[in-house]
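Structure first, commentary second.
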Amino acid sequence: MNKFSRIGFILAAAGSAVGLGNIWRFPYITGEYGGGAFILVYLLAILFIGLTVFLAEAVIGQNGQSDVSTSFVSISKTKNQNWKFAGFMVATGLIILSFYSVVLGWILDYVITSFSDLPTEAKVAGANFEKLISDDIGSLIVYHTLIAGSVILIVLKGIKEGIEKINLILMPLLGLILIGLLVYALTLDSFSQAVSFMFTPDFSKIDGHALLAALGQAFFTLSLGVGTILTYSASLPKEANFVKSSFMVAIVDTSIALVAGLIIFSFLFAAGAESAAGPGLVFISLPVIFSGWGILGQIIAVSFFVALVFAGITSAVSMIEPSLRFFIERFKITRAKATLLCGGTFYVLGIVALLSMSKSFGAELTFFGKNAFDIMDFMSSSVMMPIAAMLICIFLGFFVEKEVLKEKFTKHTSETIFNIWYFLIRFVVPIAIIILFLNKLGAI
Ligand code: TRP
C-alpha cells in the first residue's frame, strides 16, 4: 500500500509545515511587531488555534483514507454528497504553489550568487533584488522551471517513494544546516541580544494588528486550510496515533521557527542592522551582513539559502498533493495524468505571477491595482484559506456525530483533551477566523 510510516508521516507533515513561512516570514514579522510579546501571542495561537485545526484536518483525513471531498462525505452525519464541494480547497494549494515556486526561484538565484559576489551595501543589495524580480525574466523562468520540475518529479513517484523519501533526506539535512548556523550564532556577542529580543515580552508593542498577524502566521506555518494535512493524514495508517503525531509536528514547526529567529536576529544585531526590515530582511539585509564576514560569510550565505530551498521544496510538494489525490480518487485518472494536469496548471500560473512583477509585462498583468502575483497571494492566503479553515471547524463541530469524534480522540488521548478540542473547534476557532477574515478584507 502507498502509505506513510508513522515517522514518515511526521517528517512529511513537518516538511510541509516548515518552509519559507518559518525561515523567511516568521523572523520578519516578529521583527516588525517588536519581538517577545509577539512570539508569546504566536505560541498561544499555535497551541489553541493552529493545533486545533491541524487535529481537525488529521481526524477527517485519517478516517476517510481518501481525497478531501470523499473524506468530508464519509465522516459527515448524513453522508450528504454535497460535502464534496469542500474539495474546492485543494485549488488553494495549487495557487499558493504557483507563486511559492517563483519565490523559491529567487532563492536559487541567491544560492548561486552567494558563491561569487555578495553585495557590501544595503543600497546595492536592494537594487540587486529589485533587478532580479523585475528585470531578469529569463533567469526567473529557468529557476521556476527547475523548482516546478523537481516538485513534479517528486510527486510523480507517489507518497512512499516520492514524498516520504524526499522528506527523509531533506529534513535531516535542513536540521543539520540550522544546527550549524545556530552554533555559529552562539559564538556571536549579539546572541544574547537576540535571546532577549525574542523572549522578553514588551506588551506595549502588541495591538490588534499584531494579534491578527500572529494568528495568520499560525495558519500559514502549519499548512492549514488547503487540505494538505487532511490529505497527508489520509495516508496515515488507520491505527496510528494522529493526536501525538499532530503535537509532534507542531513542536517541530515551532522549534524551527524559533531557531531561525535566533539565528537571523543574532546575525542582524551583530551588524547593528534593523530588526524591522520587513520582507526584504532575508533578501536584502542578510546578504550585506554575510559579505562583511569574508569567505566564512559566503559559506554561511550558501548554507542559509540552501536551507531555505530544502525547507521550501518539502512544503511545495505538499501543496500539490491534495489536488493530485483529488483527481486520482474522484476522476479515476492515473497519478501521472493528474501530475501533468496539476503540475501544468501551477507551472503556467507561476509564469504569469513572475511576469506580473516584471517591468515589461507588469502593466498588462495588473488588475484592480494589484499584480497577478499579489492577487494569487491575496486570494489564497486571505480568502480561500480562511474560508476552508472555517468550513472545517463548522463541519466537525456541527455536522459530524460527536460520539464518532470522541471515539477517535479517546483511543489516543484523554477525554479532557477531547472536550477542550471540541469546544475550541465549535466556538473559539470560528470566531477567531471570522475576525481574521474581516481584517484581511479590510473591513476591520
Ligand atoms: N507551511 C509552509 C510554510 O511555512 C507553507 C504553506 C502555507 C503551505 N500554506 C500551505 C504548505 C499549504 C502546504 C499547504 O512555508
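Just so you know, these numbers use all the heavy atoms, side chains as well, and skip hydrogens, waters and symmetry mates. Read the numbers this way: they start at 1 and go in the same order the structure lists the ligands and their atoms.
In the model, Y143 has no side-chain atom that pairs as donor or acceptor with a side-chain atom of S101 under 3.5 Å. There is a side-chain donor-acceptor pair under 3.5 Å between S5 and E164.
Considering backbone and side-chain atoms alike, T221 places an N or O below 3.5 Å from some N or O of ligand 1. Between I96 and ligand 1, a contact under 3.5 Å exists for no N or O pair.
Of the protein's non-hydrogen atoms, S223 OG, 3.4 Å is the one closest to atom 8 (C) of ligand 1. Closest to atom 9 (N) of ligand 1, if we only count protein heavy atoms, is F220 O, 3.8 Å. The shortest contact between atom 2 (C) of ligand 1 and any protein heavy atom is with S16 O, 3.3 Å.
Each of H412, R6, Q62 was checked for a side chain to side chain donor-acceptor pair (under 3.5 Å) with S245, and the lone residue meeting it is R6.
L308 contributes atom CG, which lies 5.0 Å from atom CD1 of I23 (distance to the nearest 0.5 angstrom).
Near M319, meaning under 4.0 Å from any of its heavy atoms, are these atoms of ligand 1: 5 (C), 6 (C), 8 (C), 11 (C), 13 (C), 14 (C). Each of the atoms 12 (C) of ligand 1 lies under 4.0 Å from some heavy atom of V226. For ligand 1, the atoms closer than 4.0 angstrom to any heavy atom of L20 are 15 (O). Per-residue contacts place A17 under 4.0 angstrom from the following atoms of ligand 1 (heavy atoms of the residue considered): 1 (N), 2 (C), 3 (C), 4 (O). Those atoms of ligand 1 with a heavy atom of T228 less than 4.0 angstrom away are 13 (C), 14 (C).
Under the 4.0 angstrom criterion for non-hydrogen atoms, S318 is in contact with ligand 1. Within the 4.0 Å heavy-atom shell around ligand 1 one does not find F26.
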| Can you check side-chain hydrogen bond (donor to acceptor under 3.5 Å, both in side chains) on S223 and T228, steps first, answer last? | CA-CA 7 Å; S223 306; T228 285; 5.7 Å; no

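Between K205 and E32, no side-chain nitrogen of the basic residue sits less than 4.0 Å from a carboxylate oxygen of the acidic one, so the salt-bridge criterion is not met.
In this structure, Y33 has its ring center at least 6.0 angstrom away from the ring center of H209. Centroid-to-centroid, the aromatic rings of F242 and F409 come within less than 6.0 Å.
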